[in-house]
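Labels below follow one simple rule: chain letters A, B, ... track the order of the sequence lines, proteins then strands, and each chain is numbered from 1. Values below: every heavy atom of this structure, side chains too, minus hydrogens, waters and symmetry copies.
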Number of protein chains: 2
Amino acid sequence: MTPTDAQLAHLEKAAAILRVVAHPARLRILQLLEGGEKTVTEIYTALDLPQAYTSQQLNLMKSKDVLASRREGPQVFYRIANRNVLKIIHCVCAESAVETDLA
Amino acid sequence: MTPTDAQLAHLEKAAAILRVVAHPARLRILQLLEGGEKTVTEIYTALDLPQAYTSQQLNLMKSKDVLASRREGPQVFYRIANRNVLKIIHCVCAESAVETDLA
DNA sequence: TTAAAATATGCAGATGCCCTAATATATGAG
DNA sequence: CTCATATATTAGGGCATCTGCATATTTTAA
């Protein structure tokens with residue numbers, strides 16, 4: 001069964017979203033943002049990551065529509081913008097489910 | 001908040017699983033295997049992929065414990081071996097949910 | 001044991017991602 | 001305007017992944 005162009009495009013999009021999430025630092029950021037929007041400083045401080053590196057990851061995720069942002073004065077708040085990303089994180093980061101299935 | 005070693009290991013494992021799934025051809029294979037175990041030939045025939053390439057992807061997924069296999073005579077049947085992988089596929093490949101959120 | 005079918009492996013060029021360091025830009029206070 | 005804080009961008013070396021191609025291995029039948 002050869003996939004149609006639309007199906008291929010859809011697969012590539014799904015894979016692209018998963019590639020964004022498939023990264024330890026980005027997973028940590030996403031987990032943190034489950035608690036609500038946060039500024040860049042709050043994020044890299046909480047996770048003990050370099051500022052520039054954190055900003056890169058945030059912008060990457062935003063460019064892939066996984067995050068959205070909102071400026072308030074000198075600060076920028078990031079938040080999760082994709083409902084499916086939340087579901088994926090729950091599949092992978094739920095304590096009970098993961099310890100048995102993934103670990 | 002610096003993560004503990006155990007937390008880091010867990011994140012890396014979750015990310016590793018996601019990396020395996022984050023690939024168009026592997027997603028197609030996994031979707032196909034949702035319908036039950038299949039032989040290599042059934043898979044590469046159904047998906048119109050090169051045999052060697054398909055075998056590589058299958059072995060990769062098996063090495064990461066995403067798939068399991070069972071030999072029956074000259075044929076090898078592959079099946080999904082990780083419940084969370086199924087959940088992830090559903091997050092990403094469910095028709096209605098995806099068109100609106102990921103596409 | 002020879003042949004055919006089914007599956008697996010090795011290799012290699014190309015591409016892309018990871019992460020660090022340095023630097024640039026934007027915003028608001030004074 | 002100048003400074004300090006907050007955020008973003010650029011550059012680059014190193015490493016892993018992608019994927020086509022050739023070939024090897026395994027299994028069964030004859």
In whole angstrom, give the distance that lies between atom [atom1] of [X] and atom [atom2] of [N].
X	N	atom1	atom2	answer
A/Met61	D/dT7	CE	P	15 Å
A/Leu67	D/dT7	CG	C1'	15 Å
A/Asn59	D/dT7	CG	P	11 Å

Shortest non-hydrogen contact from B/Ile80 toward B/Glu34: CD1-N, 4.0 Å

Non-hydrogen atoms of B/Asn84 and B/Asn82 that approach each other most closely: N-OD1, 2.8 Å

Sorted by number, the residues of residues 35-48 of chain A with heavy-atom contact under 4.0 Å to DNA chain C: none

Nucleic acid footprint by protein, nucleotides 18-28 of chain D - heavy-atom cut-off 4.0 Å, B for base, S for sugar-phosphate alone: SBBBB---SSS

Worked verdict on A/His90 versus B/Lys87 for side-chain contact (heavy atoms from CB on, under 4.5 Å): CA-CA 10 Å; A/His90 289 154; B/Lys87 287 196 238 158; over 6 Å; no

Name each donor-acceptor pair under 3.5 Å that joins a side chain in residues 16-29 of chain A to protein atoms two or more places apart or in another chain, with its distance.
from, atom 1, to, atom 2, distance (Å)
A/Arg19, NH2, A/Glu12, OE2, 2.9
A/His23, ND1, A/Ala25, N, 3.2
A/His23, ND1, A/Arg26, N, 3.3
A/Arg26, NE, A/Val20, O, 2.6
A/Arg26, NH1, A/Gln57, OE1, 2.8
A/Arg26, NH2, A/Arg19, O, 3.4
A/Arg28, NH1, A/Leu47, O, 3.2
A/Arg28, NH2, A/Leu47, O, 3.1
A/Arg28, NH2, B/Met1, O, 2.9

B/Thr41: partners by side chain to side chain donor-acceptor pair (under 3.5 Å), with sequence neighbours left out: none

Side chain to side chain donor-acceptor pair (under 3.5 Å) against A/Ser69, all qualifying residues, sequence neighbours excluded: A/Lys62

Side chain proximity check, A/Leu67 to A/Leu30, heavy atoms < 4.5 angstrom: yes

Between CD on residue A/Gln51 and OG1 on residue A/Thr45, distance to nearest 0.5 Å: 10.0 Å

Outermost nucleotides of DNA chain C that come under 4.0 Å of a non-hydrogen atom of chain A: C/dC18 to C/dG28

B/Ser63 side-chain N/O to B/Leu60 backbone N/O, donor-acceptor pair under 3.5 Å: yes

Chi angles and distances behind the side-chain contact (heavy atoms from CB on, under 4.5 Å) call for B/Phe77, B/Leu33: CA-CA 10 Å; B/Phe77 289 82; B/Leu33 290 182; over 6 Å; no

